[in-house]
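All heavy atoms count here, side chains included; hydrogens, waters and symmetry mates do not.
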Amino acid sequence: MSELKRIPTTEIKGIGEETAKTLKELGLSTVHDLLWNFPYRYEDYRLRDLSLVAHEERITIQGEVLTEATVAFYGRKKSKLSFRVSTEGQVIKIDFFNQPYLKSKINVGETVTISGKWDKGRAQITASKVKIGAVENEEELEGVYRLKGTLRNKTMQKYTRAAFDAYSSSIEEVIPTNLLEKYQLMDRLEAVRVLHFPKNNDELKQARRRMVYEEFLLFQLKMQFFRKIEREKSGGISINYDVEDLRHYIDSLPFALTKAQKRVVNEICGDMLSHFHMNRLLQGDVGSGKTVVASIAMYAAAKSGFQSALMVPTEILAEQHANSLVELLQPFDVTVGLLTSSVKGKRRRELLAMLENGSVDVLIGTHALIQDEVIYHRLGLVITDEQHRFGVTQRRVLREKGEYPDVLFMTATPIPRTLAITAFGEMDVSIIDELPAGRKEIETYWVKHQMLERVIGFMEKEIDKGHQVYIICPLIEESEKLDVQNAIDVFNILQNKWGTKYRPGLMHGKLLPADKEQIMRDFNDKKIDCLVSTTVVEVGVNVPNATMMVIYDADRFGLAQLHQLRGRVGRGADQSYCILIADPKTEVGKERMMIMSETNDGFVVSERDLELRGPGDFFGRKQSGVPEFKVADMVHDYRVLEIARQDAVHMIFEENMLENKQYEKLVALLEEEGVFTEQKLD
């Protein structure tokens, strides 16, 4: 372990036990933690020409105090101190909030240097910092750190400076000289210094560039080592299918595969044939034909004497997959079974016995597939659909039901390439980026709330054609009560308006699971014309007769969720529509509506979503699997991420990094982080 990771923060001058506790709450226990705790933003204290500063930008000015400082108190312990200064021939009003003690320091006729936020319209500055007198050698930039409790920024700067002065000689270079020269990177010690104490923007830019590359390279090396370990694990099986027989199956399908499907099938089948373990992510937008691709892999496994398991998040989805796969595989003597919590008693016992003796080739189900009583005869292929909906443990237990089977993860959530190679860097990624021929694009319109009557008229026309409609109401401020009420209000409006003419249904999170299942079945069986629901409409619900999706208060949803909801329609041959009802108050809200109206391409939508929301929130915070980088930003630094990945692949798979002396510092760093002791990455 590097020396800096062993030295506690209490070794730094000025840090006692109490301060050390506060620092620990910020995740800072050692000198290394302190030195790698970089500022999250920088205050710019350069003197600037007022005419060049935009409204609400931060600014530093120098001027002469024209009026005496006055203090107005209001509320509990709140105050505003105000005075005026003259600078560049203008009179500027200065306001300091909750700093009444400054009154004695501000004297008419003196020169002051003020920093704060510029209000262009009112010619005033809401100030955060004042220095008495003219300042000639003010540092241009000052780092702003994350703080806790009574800790102040100046104090954090002082501790960081003390740590750097005392221990910076222990900061070792880890990137080999050939890469430093190739990319003209600043050395590590200098980069750490500049990130904490920059003199100007240019050197800060270079320090950041260096550290972004280091963070991405280390992360990608970890990912690629895990990938190598996964691929080369003992016990990887080779599924030796008959190529001609598989080709005959593909030719017998009721439709021709798209180019994208053919490419993906080749990638998956190549993995299955090889003796390396398959660990592949299959991405495909809603309706791109992932199930057909899965059926080809299952057919190949079955004809080679192996069983397949497909785990999906909900019973309805399991039933829909089972129906599709029975249709595709049963004519070719591939036996398909369905196992959910609804399969009970004698039927369940018979199915489990058939599974154990090898009479069932393909088993589809929910998490019921991983229960102890479920024993497979020879499990060779494991597929999970919408895999981020399952916990790590559930996915691992299913894998362990076989002798290290090949694993395929499927998702209809289009994941931007930058996120896929980071969050799923240890997997191979296949993408179906083309819709089957004959699919009509869903027409998407953004309308204001005042047009609700017209939207209802449009819905009635669709129902009159024999079609069905979804209306989705948002979760408001994460309150189940408000969420349910919102859906009930809309349902009541429709009931009062329609009487017995049309049949609305209502679904929300407070219903029992059995009631939800029943409502979805009624919708599926055309007993409900218009389903009013909260966001409990599951991913993967397939009702081809539904041609219209109306999303109420659409600006309250993220882009990825809007795109998923839109994908509930457009599954049949008829033209489908998505109506977004929203009066967005923010620019981001307006932009979301415009993006949804302009494109149906899930990958375009997901890239824009990543830009608007940032990576941490893309899958939801708990399941993101996205690493927290200290300096790097996956969205804005994606080119560096790509380069780091290419370099990591080259080092590990082509240069045998572990034996190569120039990489020994990097290897030591990875060793410290336990990369070579872990057997697998979940």
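- Between E587 and K590 there is a salt bridge, since a side-chain N of the basic residue sits under 4.0 Å from a carboxylate O of the acidic one.
- Using modelled atom types, no side-chain atom of Q564 and backbone atom of L559 make a donor-acceptor pair closer than 3.5 Å.
- With rounding to the nearest 0.5 angstrom, the CE atom of M596 is 7.5 Å from the CE atom of M593.
- Considering all non-hydrogen atoms of both residues, I528 and P504 come closest at CG2-C, 4.1 Å.
- Looking only at side-chain heavy atoms (C-beta outward), V362 and L310 stay at 4.5 Å or farther from each other.
- How far CD1 of I579 is from OG1 of T444: 8.0 Å, rounded to the nearest 0.5 Å.
- Taking the side chain as every heavy atom from C-beta outward, I471 and L494 approach each other to under 4.5 Å.
- For K516 against M507, the heavy-atom pair with the smallest separation is O-SD, 3.7 Å.
- Heavy-atom contacts from other residues, nucleotides or ligands closer than 6.0 Å to CD of E327 number 12 or fewer.
- In the model, D464 has a side-chain atom that pairs as donor or acceptor with a side-chain atom of Y502 under 3.5 Å.
- No donor-acceptor distance shorter than 3.5 angstrom exists from the side chain of R263 to the backbone of I432, with no hydrogens or angles considered.
- Put simply, the side chain of D529 does not reach to within 4.5 Å of the side chain of M459, judged on heavy atoms.
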Could you walk me through whether Q307 and L363 pass the side-chain contact (heavy atoms from CB on, under 4.5 Å) check? CA-CA 8 Å; Q307 292 170 305; L363 186 65; over 6 Å; no
I would like to know whether R645 and E642 meet salt bridge (Lys or Arg N to Asp or Glu O under 4.0 Å); could you show each step before the answer? CA-CA 5 Å; R645 183 172 192 263; E642 289 274 13; 5.8 Å; no
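- By the 4.0 Å N-to-carboxylate-O rule, E462 lies close enough to K465 to be salt-bridged with it.
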Check the pair C473, F491 against side-chain contact (heavy atoms from CB on, under 4.5 Å), reporting the backbone distance first and the verdict last. CA-CA 10 Å; C473 300; F491 175 72; over 6 Å; no
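- Under the ring pair (Phe, Tyr, Trp, His ring centres under 6.0 Å) criterion, Y552 pairs with H449, not counting sequence neighbours.
- A side-chain donor-acceptor contact under 3.5 Å links T340 to the backbone of S342.
- In this structure, the side chains of V292 and F255 come closer than 4.5 Å at one or more pairs of heavy atoms.
- Of the inter-residue distances, the one linking L282 atom CG with Q261 atom CD reads 9.5 Å to the nearest 0.5 angstrom.
- A 4.5 Å side-chain heavy-atom check between L381 and P405 finds every atom pair outside the cut-off.
- In terms of modelled atom types and a separation under 3.5 Å, the side chain of Q468 and the main chain of F523 share a donor-acceptor contact.
- Counting only N and O atoms by type, the side chains of Q518 and D522 include a donor and acceptor under 3.5 Å apart.
- Put simply, OG1 on T258 and NZ on K262 are 8.0 Å apart, with the number rounded to the nearest 0.5 Å.
- With rounding to the nearest 0.5 Å, the separation of CZ in R247 from CG in D245 is 11.0 Å.
- Using modelled atom types, one side-chain atom of S324 and one backbone atom of Q320 make a donor-acceptor pair closer than 3.5 Å.
- Nearest heavy atom pair, residue I442 against residue V569, reads CD1-O, 3.5 Å.
- By the salt bridge (Lys or Arg N to Asp or Glu O under 4.0 Å) test, E591 pairs with R608, sequence neighbours left out.
- Taking 4.5 Å as the limit, some side-chain heavy atom of V374 sits within range of a side-chain heavy atom of L352.
- Although no hydrogens or angles enter the test, the distance criterion places no donor-acceptor pair under 3.5 Å between the side chain of R568 and the main chain of M549.
- Y299 and D361 share no side-chain donor-acceptor pair at under 3.5 Å.
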Given E460 and W498, is the side-chain contact (heavy atoms from CB on, under 4.5 Å) satisfied, shown in steps? CA-CA 10 Å; E460 289 170 352; W498 286 343; 2.7 Å; yes
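- Closest non-hydrogen pair, W446 versus S597, comes out as CB-OG, 3.7 Å.
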Give the C-alpha distance, both sets of side-chain angles, the deciding distance and a yes or no for side-chain contact (heavy atoms from CB on, under 4.5 Å) between I383 and M298. CA-CA 9 Å; I383 303 175; M298 290 167 166; 3.8 Å; yes
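- Atom SG of C578 is separated from atom CG of L565 by 8.0 Å, given to the nearest 0.5 angstrom.
- Y577 and Y445 have parallel rings, their planes meeting at less than 30° on a 0 to 90° scale where 60° marks the start of perpendicular.
- Residues T366 and S341 have side chains not in contact (no heavy-atom distance under 4.5 Å, counting atoms from C-beta outward).
- In this structure, the side chain of R348 engages the main chain of V343 through a donor-acceptor pair within 3.5 Å.
- The backbone N or O of N524 sits nowhere less than 3.5 Å from a side-chain atom of K526 that would complete a donor-acceptor pair.
- Across D555 and A582, no two heavy atoms sit closer than the pair OD1-CB, 3.5 Å.
- Nearest heavy atoms, N545 versus G466: ND2-O, 3.0 Å.
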What verdict does the salt bridge (Lys or Arg N to Asp or Glu O under 4.0 Å) test give for K259 and E434, after you've listed the backbone C-alpha separation in whole Å, the side-chain angles of each residue and the deciding distance to 0.1 Å? CA-CA 8 Å; K259 280 181 190 167; E434 178 184 5; over 6 Å; no
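- Within the 4.5 Å cutoff, the side chain of Q495 has no heavy atoms near those of the L506 side chain.
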